Each structure stands twice: as structure tokens, then as C-alpha cells.
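What you see is a predicted model; the values in this text were computed from it and never measured.
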Number of protein chains: 2
Amino acid sequence: MNNSLTLKDIAKALNLSISTISKSLNDSHEISIDTKKMVLEYAQKQHYSPNRLAKGLKEGKSRSIGVVVCSLDNNVIAQMLDGIDKFSTDKSYQIIIMQSKESPIQETACIELLYAGGVDGILISPACETVDFSYLQSLQDSGLPVVLFDRLSDQIETHKVGADNFKGAYDATIHLIKNGYKNIAHLNTNTILSIATERVNGYKQALADSNIPFRPELLRSCDYSDTQKLNADLEESIKYYMTLENKPDAIFTAADQISTKCLVLLNKLGFSIPGDIALIGFTNTDLAEAFSPSLSTVHQPAFEIGQLAAQKLISLIERKNHAPEFETIMLETNIKARSSSDFKTVN
Amino acid sequence: MNNSLTLKDIAKALNLSISTISKSLNDSHEISIDTKKMVLEYAQKQHYSPNRLAKGLKEGKSRSIGVVVCSLDNNVIAQMLDGIDKFSTDKSYQIIIMQSKESPIQETACIELLYAGGVDGILISPACETVDFSYLQSLQDSGLPVVLFDRLSDQIETHKVGADNFKGAYDATIHLIKNGYKNIAHLNTNTILSIATERVNGYKQALADSNIPFRPELLRSCDYSDTQKLNADLEESIKYYMTLENKPDAIFTAADQISTKCLVLLNKLGFSIPGDIALIGFTNTDLAEAFSPSLSTVHQPAFEIGQLAAQKLISLIERKNHAPEFETIMLETNIKARSSSDFKTVN
DNA sequence: CTGTTAGCGCTTTCAT
DNA sequence: ATGAAAGCGCTAACAG
């Protein structure tokens with residue numbers, strides 16, 4: 001620790017008691033204006049700042065919140081963290097970020113560490129393979145506020161903030177259909193989290209509403225927990241698609257990594273986009289327009305999701321509402337149509 | 001705060017004194033094996049975890065380190081944070097990340113907050129316009145370890161860890177020259193930080209070593225503190241370059257945002273890359289290969305920089321070396337040649 | 001080997 | 001209006 005000046009020091013310097021100093025700095029009514037002024041001035045001049053640990057210990061809270069994400073090195077996540085940071089900082093909460101690296105085990109370790117570290121609440125976007133929320137639930141039951149963001153789950157009851165994945169997937173699929181594509185493949189992740197099923201459902205619904213039969217062989221999922229496996233699964237899937245007798249004319253990808261990697265792979269394998277196959281996918285990178293070809297995307301309001309999640313958590317911590325009625329908030333996504341899904345040219 | 005079970009609780013339950021419990025849990029030699037075992041077992045069963053705040057208060061340290069960066073939403077930074085996180089977590093330090101958003105004022109606010117929050121040390125990559133390091137220096141003088149990473153400065157004496165920007169720039173320029181380009185423009189940022197001048201110097205040296213005269217009009221800088229301004233400056237610079245009678249046949253860009261935006265802009269303005277003009281730039285995004293055309297880059301060992309910076313800071317905190325001899329470590333960059341700087345075709 | 005005690009910096013009764 | 005004292009959970013010097 002670094003900090004030097006304490007209440008005691010000020011008290012000594014001003015020939016007052018510690019409690020008088022404390023009360024003055026907290027603007028208590030039982031201190032005379034003159035004394036307050038004097039103390040405040042001295043404190044400012046000496047750059048006094050209260051010891052956070054002592055205050056936290058005394059008050060039983062740390063004014064810090066723990067954030068658990070799969071990875072820092074990820075566009076969408078970074079933008080969400082930005083939002084979380086903005087709101088938390090405004091409310092004078094510090095955020096402590098930890099990474100699960102898509103490992104449920106490491107995720108639990110993060111949560112334990114944060115809990116032991118005395119955070120006032122936890123904000124979490126679970127690893128894609130997390131299935132067991134009982135530990136988190138038990139923490140919540142014992143009084144620790146928890147809010148899910150980005151990747152939601154039905155396995156725990158609390159505030160949840162994410163994108164409207166069903167609608168995003170629906171819109172993306174409809175976009176492809178409107179642009180003349182009828183054989184639409186869908187590449188998703190191998191997670192049980194609702195984020196994946198919602199996107200699949202949006203995709204299916206769009207097909208149904210357009211009277212296009214759903215072809216199970218066009219729906220595939222890739223192992224998202226490991227880059228190696230993801231690359232392998234992706235390549236296998238694309239090759240599989242392109243060797244079908246009735247092969248797809250478009251792919252809708254449901255995850256950041258998959259979308260961008262898919263474009264790279266299609267290029268590498270020599271397929272022309274959108275000539276041989278069109279592409280649209282979830283991802284938030286603003287580099288999508290620099291791609292070859294520029295990539296059509298489903299864009300999530302990531303910053304807003306982060307902000308809102310932080311707001312929900314802090315309201316829970318400060319118990320603005322005494323009987324918390326949990327809500328699930330889903331923010332609208334946004335289709336950014338670019339060249340990779342241009343109108344189908346008849347051939 | 002959340003945590004419930006305390007030493008007192010355990011002491012009561014086991015009919016021992018608080019200090020016996022404390023010593024047992026700290027594996028003190030002055031406690032009998034039996035007692036230790038009993039205490040440990042009980043503690044584990046009850047999921048005891050020490051109160052971090054109390055411990056920190058008592059020991060005068062928080063086992064947390066503050067990290068100040070310009071932004072979370074940035075490839076290179078995210079990778080560095082990843083490295084910092086890895087090392088810190090391994091050493092049981094928590095990291096508290098704050099963003100300056102390229103504002104020196106906000107940066108100072110972050111530092112103050114971290115200091116007041118009782119971090120054991122600060123890791124900082126300064127905002128590009130930061131010129132005054134006196135506050136940071138005063139904190140360091142008063143005993144708070146500080147380590148600079150990524151963007152270094154001569155204005156403060158401490159450990160510094162970054163990329164070898166001179167060499168990176170030199171290599172990039174030589175790469176262009178070897179591929180047949182002779183009129184090489186250089187786009188940099190408007191910062192005083194050494195990161196910019198080193199890159200300029202590397203560029204100039206490469207020209208000199210290749211007997212190519214340096215043309216001042218080909219060296220320009222853009223305001224990096226604001227996206228609007230950056231875009232404007234960038235567009236102006238490119239247009240300026242392309243209207244010169246003796247216009248450049250290649251551009252070397254010295255910053256992440258500039259490199260990718262430059263590619264987008266050149267495409268938008270209708271210039272062919274590398275036909276009309278070649279391009280190579282600093283950036284770490286692995287999406288560079290998906291660009292149109294794939295972008296040649298100078299890649300920084302960002303993860304390693306983060307790790308090493310964290311290591312240096314923690315060694316300072318734990319005073320492994322009593323008389324700290326400050327060092328500046330510069331890690332090698334890596335040229336990734338792609339299509340945007342392919343061999344010049346004679347025309 | 002175990003227990004008592006003081007104190008880290010702060011807030012908060014409860015006196016004065 | 002000000003101050004004394006207790007206590008948040010923990011460690012460590014000192015007693016026993």
C-alpha cells in the first residue's frame with residue numbers, strides 16, 4: 001500500500017480528535033461550519049484520500065465489482081467492458097476483470113477469487129460450455145448480487161442483459177432471403193447457452209416464415225472452446241457444405257470468431273463471395289468493411305449492454321428496489337449489409 | 001461485501017483463540033500438527049476465505065495493481081492486458097483497469113483514483129498527448145512502484161517495457177524498399193511520446209541506409225486523440241500525398257488505427273493497393289489477412305510486453321532487488337508481409 | 001504450543 | 001460542538 005495521510009495525522013496537525021475529522025470530512029451536521037472548513041481545507045491541501053480498505057472493512061463493502069468474461073482479446077467483449085467501465089466509474093465502483101478463457105473450471109476459480117476478494121457483486125458472461133450455475137446461484141442465495149450479460153442462461157434467476165439474438169438471427173436470415181438466397185446454411189457454436197439456441201430459432205423462424213423448408217444438414221456447430229478445434233471444425237463444415245449435391249448459396253454465422261474466420265477460409269479455399277456463396281455473421285468489428293469482400297454483419301449494441309448490466313448490478317447492490325423483481329433485457333441488434341451478401345446474381 | 005465466516009467464528013466453533021486459528025491457517029511452526037489439521041479441515045469444509053480488505057489493511061498492501069490504458073477497445077491493448085492479467089493472476093494479484101480515453105486529464109484522475117484505492121503499484125501506457133509525468137513521478141518518489149509499458153517516455157525514470165519501435169519501423173521501411181518502392185510516405189501520430197519519434201527515426205534510418213533521400217513532405221502526422229479528427233487528418237493526408245507531382249508509391253503507417261483506416265480510405269478513394277500505392281503498418285489484428293487486399297503489418301509481441309511489464313512491477317512491489325536498477329526493455333517486432341506490399345510491378 | 005493484546009484506518013454510538 | 005471508545009477481520013509481538 002502506498003497511502004500515507006490518515007485521519008489521525010490530520011487530527012494531530014489540527015489539534016482535534018479523529019472523530020471530529022471523520023465527521024467533518026463526511027459533512028456531518030454536528031460539526032461547526034468553521035471546523036469543517038478548516039479540516040476540509042487542510043485535507044485538500046495535503047491531498048488526503050481515505051483508505052479504501054479501511055473504509056470497506058468498516059462498512060462491510062468494497063465498492064468494487066467483479067467481472068468475468070471469456071477473454072479480453074475480443075471485440076464485442078471489449079466494447080461491453082467499456083460500457084461496464086463507464087457506468088461503474090461514474091458510480092465510483094472499481095471493476096476487477098477476470099478471464100475464464102472459455103473454461104468452466106477456470107471460471108469457477110475466478111468467481112471464488114472475486115468472492116473471497118470481497119467484491120460487492122458479480123457481472124458475468126459465462127464460458128460457452130458452462131452448464132452448472134449452482135455455485136453462482138448459491139452465492140446469490142447467500143446475498144451476493146449477480147447479473148448475467150451477453151451470454152444468458154435459464155439456469156439461474158437474476159437480472160440478465162443481452163442482445164435480442166432471436167431477432168438478430170431472424171433479421172439476418174431474412175436479409176439473405178430477400179437478396180435472393182434460398183439455401184441458407186447456419187454455423188453456430190456448440191454451447192448450451194441460450195444465446196446459441198435463440199439464434200438457431202431465429203434462423204428457423206425466418207425460413208419458416210418464408211416457406212423455405214429447414215434442412216438439418218445445413219445446420220452445424222463448431223467447438224468454440226479452443227482455437228485449434230474451431231479452425232478444424234470450421235474447415236470441415238465448409239468443405240462439407242460445398243460438397244453437398246444441393247449445396248448452400250449462403251451462410252449465416254452466429255459468432256464473432258466464426259464469422260471472420262469463415263470469410264478468411266472461404267477466400268483461402270478459392271470460393272468467391274458472394275458469387276459462390278454469400279455470408280453474413282454476428283461480429284462487432286468495424287474492420288468488417290475493410291474485408292475482402294466487405295462483410296455483412298449483425299451488430300450488437302455491446303457498449304449499451306455493458307452499461308445496462310452494470311446499472312442493474314449496482315442497483316441490486318444498493319438495493320434500490322427491496323424486493324428485486326428480476327428482468328431479462330434484450331437490446332436490438334442491427335443488420336449492416338455489405339458486399340458479402342449482395343443481391344444474388346442469377347447464373 | 002459478501003463474505004461471512006471469520007476467524008472469530010472458527011475460533012468459537014473450535015474452542016480455540018483467534019490467533020491460534022490465524023497461525024494455523026498461515027501454517028505457523030508454533031502450532032501443533034493436530035491443531036493445524038483440525039483448523040484447516042474445518043476452514044475448508046466451511047469454505048473460509050480470508051477477508052482481503054482486513055488483510056490488506058493490516059499488512060499495508062492490497063495485492064492489487066492498477067492498470068491505466070487509453071482504451072479497452074483496441075487489439076494491441078487487449079493483448080497486452082491479457083499478458084498482464086496472466087502474470088498478475090499467477091502471482092495472486094488482482095488488476096484494476098482504468099481507461100484514459102487518450103485524455104491526459106482523465107488519465108490523472110485514473111491515477112489518483114487508483115492511488116487512493118490503495119493499489120500496490122501502477123502499470124501505465126500513457127495517453128498520446130500526455131507530456132507531464134510529474135504527478136506520476138511524485139507518486140513514485142513517495143514509494144509507489146510505477147512501470148511504463150507500450151508507450152514509453154523519457155520524462156520518468158522507472159522500468160519500461162515496450163516494442164523495439166525503431167527496429168520495427170526500420171524493418172518495415174526496408175521491406176518496402178526491397179520490394180521496389182522508393183517514394184515512401186510515413187504517417188504517424190501527433191504524440192511526443194518516444195514511441196512516435198522512434199518509429200520516425202527507424203523510417204529515416206532505413207531510407208538513409210538505402211541511399212534514398214528523406215523528403216519532409218512525405219512525413220505527416222494525424223491527431224490521434226479523437227476519432228473524428230483522426231479520420232479527417234487521414235483523409236487530408238492521403239489526398240495531399242496523391243496530388244503531389246512526385247507522389248509516393250508506398251505508405252508506412254505507425255499506429256494501429258491509422259493502418260486499418262488508411263486501407264479502408266485508400267479503397268474508398270479508388271486507389272488500388274499495392275498497384276497505385278503499397279501499404280504496411282503497425283497493427284496486431286489477426287484480421288489483417290482478411291482485408292482487401294490482405295494487409296502487411298508490423299506485429300508487436302503484445303502479450304509478452306504485458307507479461308513482462310507485470311513481472312517488472314511485481315518485482316518492484318516485492319522489492320526482489322533492493323536498489324532497483326531501472327531498465328528499458330524493448331521486444332522485437334515482426335514483419336508479416338502480405339499482399340498490400342507485394343513486389344512493385346513496373347509500369 | 002496456545003492465548004492475550006494491540007493496532008492497521010475508519011465510522012459510529014455514546015458521552016461530555 | 002467535540003471527543004472517547006468500540007469494533008470491522010486480520011496479524012504479530014509478547015506472555016504464559
Side-chain angles (χ1 to χ4, degrees), chain A residues 1-40 42-43 46-64 92 115-120 143, chain B residues 1-40 42-43 46-64 92 94 115-120 142-143:
Chain A
M1 191 97 109
N2 50 68
N3 236 322
S4 34
L5 198 67
T6 70
L7 291 188
K8 201 185 195 172
D9 300 326
I10 303 181
K12 207 173 290 168
L14 263 41
N15 246 312
L16 287 168
S17 78
I18 294 180
S19 52
T20 302
I21 308 298
S22 172
K23 286 170 186 165
S24 299
L25 292 173
N26 287 309
D27 201 25
S28 162
H29 54 271
E30 45 181 344
I31 301 292
S32 77
I33 304 229
D34 292 348
T35 311
K36 267 190 209 169
K37 208 178 130 190
M38 173 171 129
V39 172
L40 243 68
Y42 184 84
Q46 303 292 318
H47 292 108
Y48 168 78
S49 75
N51 181 308
R52 202 180 173 102
L53 298 176
K55 202 167 186 169
L57 176 59
K58 178 66 188 176
E59 294 182 339
K61 45 183 60 219
S62 61
R63 248 194 140 71
S64 68
S92 314
Y115 179 64
V119 295
D120 295 339
Chain B
M1 190 98 110
N2 50 67
N3 237 323
S4 35
L5 198 66
T6 70
L7 291 188
K8 200 187 197 173
D9 299 327
I10 303 181
K12 206 173 291 169
L14 263 41
N15 246 311
L16 287 167
S17 79
I18 294 179
S19 56
T20 302
I21 308 298
S22 172
K23 287 171 185 165
S24 299
L25 292 172
N26 288 310
D27 200 26
S28 161
H29 55 271
E30 45 181 344
I31 300 291
S32 76
I33 304 228
D34 291 349
T35 310
K36 267 190 209 168
K37 208 176 127 189
M38 175 170 126
V39 172
L40 243 69
Y42 184 84
Q46 304 292 319
H47 293 107
Y48 169 78
S49 76
N51 181 309
R52 201 179 173 105
L53 299 176
K55 202 168 185 166
L57 176 59
K58 176 66 188 173
E59 295 182 339
K61 45 181 63 220
S62 61
R63 252 196 136 68
S64 67
S92 313
Q94 282 185 165
Y115 179 65
V119 294
D120 295 339
S142 78

For A/L7 versus A/Y48, what's the shortest heavy-atom pair and its separation?
CD2-OH, 3.5 Å
Atom CZ of B/R63 to atom P of D/dT11: distance rounded to whole Å?
13 Å
Taking C-beta and beyond as the side chain, do A/L25 and A/I21 meet within less than 4.5 Å on heavy atoms?
yes
Note: B/S28 and B/K36 closest approach over all heavy atoms is O-CE, 2.8 Å
Candidates D/dG9, C/dC10, C/dT2 - which lies nearest the side chain of A/N51:
C/dC10
Considering non-hydrogen atoms only, spot the tightest contact between B/R63 and B/D120 and give its length.
N-OD2, 2.6 Å
From CD1 of A/I18 across to P of C/dT13 the rounded distance in Å is 18 Å
Validation row: A/S24, A/Y42 side chains within 4.5 angstrom (heavy atoms):
no
How close or far is atom P of D/dC8 from atom CG of B/L7, stated in whole angstroms?
12 Å
What does the inter-axis angle of the helix from C/dC1-D/dG16 to C/dT16-D/dA1 come out as, five pairs per end, nearest 10 degrees?
50°
With DNA chain C as reference, determine whether B/A54 or B/N15 sits nearer its 5' end, using the nearest nucleotide of each.
B/N15
Sub-4.0 Å heavy-atom contacts from residues 20-39 of chain A onto DNA chain C, ordered by number
A/S22, A/K23, A/N26
Let me know, please, whether A/S19 or A/K8 comes out on the 5' side of the other along DNA chain C by nearest nucleotide.
A/K8
Quick one: are B/Q94 and B/R52 in side-chain contact, heavy atoms under 4.5 Å?
yes
Whole-Å distance, A/L57 CG to C/dT11 C1', equals 11 Å
Only counting residues at least two apart or in another chain, list the ones meeting side chain to side chain donor-acceptor pair (under 3.5 Å) with A/S64.
A/S62
Shortest non-hydrogen separation from A/L5 to A/Q46 and the atoms involved
CD2-CB, 3.3 Å
So does A/S17 reach the base of D/dA4 with its side chain, donor to acceptor, closer than 3.5 Å?
no
Between atom NZ in B/K12 and atom C1' in C/dG3, what is the gap in whole Å?
16 Å
Answer yes or no: does a side-chain N or O of B/K55 lie under 4.0 Å from OP1 or OP2 of C/dC8?
no
Evaluate the side-chain proximity of B/L14 to B/M38: yes if any heavy-atom separation is below 4.5 Å, no if none is.
yes
Rounded to the nearest Å, what distance is computed from the CG atom of residue A/L53 to the P atom of nucleotide C/dT11?
13 Å
Below the 4.0 Å mark, does D/dC10 have OP1 or OP2 next to a side-chain nitrogen or oxygen of B/Y48?
yes
Check whether any side-chain N or O of B/K58 sits under 4.0 Å from OP1 or OP2 of D/dG9, and answer yes or no.
no
Output the rounded distance in Å from CD (A/E59) to C1' (C/dC8).
17 Å
